[in-house]
Structure formats: C-alpha cells, structure tokens
Amino acid sequence: MSPTSLRAATSAPGETQRLAAALSELCAAGDVVVLAGEMGAGKTAFSQGFARGLGITEAVTSPTFTIVREYEGGRLALHHLDVYRLDQLREVAELGVGEMLDEDAVMLVEWGDAVLPALGDQYLEIRITFGDGDDDRILDLAPRGRSWSARGDRLAATVAPWAQEEPPC
C-alpha cells in the first residue's frame with residue numbers, strides 16, 4: 001500500500017540538500033513540488049539540493065524578489081517560484097503557471113501552500129519545520145493526486161534513509 005504521508009529528519013543543510021537531490025530523481029516533466037514552512041526553515045537549501053539532483057550546475061538562490069527563476073541544463077529544466085510576496089491567486093495565474101507546467105520542466109514552489117488552488121491537484125507537498133537542534137529539520141511529505149500517489153512506494157524507498165516515524169497525535 002502506498003503511504004499517504006512520510007516524515008523525514010535531517011540534521012544539517014547539506015543533509016537536507018541530499019534528501020532533496022534524491023527526491024528530484026523521482027520527478028518527471030510537468031511535476032509540481034510545493035514547499036511550505038516558516039521563514040528560515042530550509043526551503044532554499046532544499047531547492048539548491050533539488051536543482052543539483054536534476055543536474056543543474058548554476059547557483060540556485062531564492063527568487064523572493066524576482067518571484068520566478070528558471071534553470072536549464074539538467075535532466076529537466078526547473079521553474080523555481082517563491083510566491084511569498086504575492087497577494088492573490090490571480091497573481092499566480094498571471095505568472096503563466098499553466099504554460100510552465102506544459103514544458104519539459106519541474107516546478108518547485110516555495111510558500112506554495114498559500115496558492116494551492118492555482119497549482120492543480122497533482123503535486124508533492126513538503127512541509128519543513130524546525131527540529132530540536134539548530135540545524136535539525138523535519139520534512140513532512142504528502143503526495144497529492146494520482147500521479148504522486150502512484151509513486152508512493154518509490155517515494156517511501158527514496159526517503160527511507162532519512163525516515164522518521166510521525167509522533168502519535
């Protein structure tokens with residue numbers, strides 16, 4: 001049975017980047033990965049590792065002020081969005097998200113939980129939170145839609161080296 005959600009733990013930015021690189025190997029053209037979490041939780045570090053996993057050698061920085069950065073040269077191109085500064089869903093649509101999804105690229109959206117209705121119903125949501133130590137992070141992964149759910153077993157195997165059981169409710 002495919003998992004509905006997974007939890008991973010990392011203890012350094014480099015480890016978060018290695019997890020992200022491993023997850024990028026599961027991606028195909030048109031995939032959407034949504035990053036959520038507090039300011040400074042590690043969304044950009046995750047993005048850097050994810051891009052490296054795709055084979056992108058260009059330096060990856062947060063698109064906080066430019067909103068969209070595009071990177072090519074890897075197995076797939078990467079559309080890296082940071083929608084923190086957008087006020088309305090309409091603004092996301094104006095970015096041409098639909099057209100970006102039709103390209104041979106993966107879309108990685110920081111603060112994407114704020115604009116989920118504009119991103120469709122097929123995505124992998126990754127919520128990054130602070131752990132106990134300064135560099136400790138907890139990553140909760142939730143596949144949404146048939147495409148990501150079908151990869152549940154592969155997703156679980158990829159996350160296994162960093163897996164952590166979810167605490168009881």
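Position 1 is the first residue of the sequence; numbering continues from there. In this text the structure is predicted, and so the values were computed from the model without any measurement.
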Among residues at least two apart in sequence or on other chains, which ones pass side chain to side chain donor-acceptor pair (under 3.5 Å) with Arg52? Gln17

Can you tell me how far the CG atom of Leu124 sits from the CG atom of Leu26, to the nearest 0.5 Å? 8.5 Å

Would a 4.5 Å heavy-atom cut-off, applied to side chains only, mark Glu110 and His80 as touching? yes

Determine, stepwise, if the pair Arg144 / Val34 fulfils side-chain contact (heavy atoms from CB on, under 4.5 Å). CA-CA 10 Å; Arg144 303 288 189 226; Val34 172; over 6 Å; no

Mind checking whether Leu35 and Ile138 sit in one hydrophobic cluster, side chains of I, L, V, M, F, W, Y counted as touching below 4.5 Å? no

What's the shortest heavy-atom distance between Trp148 and Tyr123, and which atoms? CD1-C, 3.2 Å

Is there a side-chain contact between Leu139 and Trp162, using heavy atoms and a 4.5 Å cut-off? no

Is there a donor-acceptor pair under 3.5 Å between the side chain of Lys43 and the backbone N or O of Trp111? no

Test side-chain contact (heavy atoms from CB on, under 4.5 Å) on Phe50 and Val106 and set out the steps. CA-CA 10 Å; Phe50 190 87; Val106 176; 3.8 Å; yes

Closest heavy-atom pair, Leu76 versus Ile56, reported as atoms and distance to 0.1 Å, is O-CD1, 4.0 Å

Can you check side-chain contact (heavy atoms from CB on, under 4.5 Å) on Ser147 and Asp31, steps first, answer last? CA-CA 9 Å; Ser147 172; Asp31 279 345; 4.1 Å; yes

Applying side chain to side chain donor-acceptor pair (under 3.5 Å), can you list everything that pairs with Ser24, at least two apart in sequence or on another chain? none

Determine the minimum heavy-atom distance between Ala8 and Val159, stating which atoms define it. CB-CG1, 3.7 Å

Let me have the donor-acceptor pairs involving side chains of residues 126-136, under 3.5 Å, with sequence neighbours excluded, atom names and distances please.
from	atom 1	to	atom 2	distance (Å)
Arg127	NH2	Asp113	OD2	3.1
Arg127	NH2	Glu125	OE2	3.4
Asp136	OD2	Gly133	N	2.8

Enter the distance from Arg18:CZ to Leu23:CG here, rounded to the nearest 0.5 Å. 13.5 Å

I'd like to check the side chain to side chain donor-acceptor pair (under 3.5 Å) partners of Thr158; sequence neighbours left out, ordered by chain and number. none

Closest heavy-atom pair and its distance - Ala20, Gly49: CB-C, 3.9 Å

For Ala77 and Glu72, work out which heavy atoms get closest and say how close. CB-CG, 4.1 Å

Between atom SG of Cys27 and atom CZ of Arg151, what is the distance when rounded to the nearest 0.5 Å? 6.5 Å

Looking at CD of Gln48 and OG of Ser62, how far apart are the two atoms once the value is rounded to the nearest 0.5 Å? 9.0 Å

Has Arg75 got a side-chain atom pairing as donor or acceptor with Gly55's backbone, closer than 3.5 angstrom? no

Roughly how far, to the nearest 0.5 Å, is the CG atom of Leu6 from the CD atom of Gln164? 12.0 Å

Could I get the full list of side chain to side chain contact (heavy atoms under 4.5 Å, CB included) partners for Glu25, not counting sequence neighbours? none

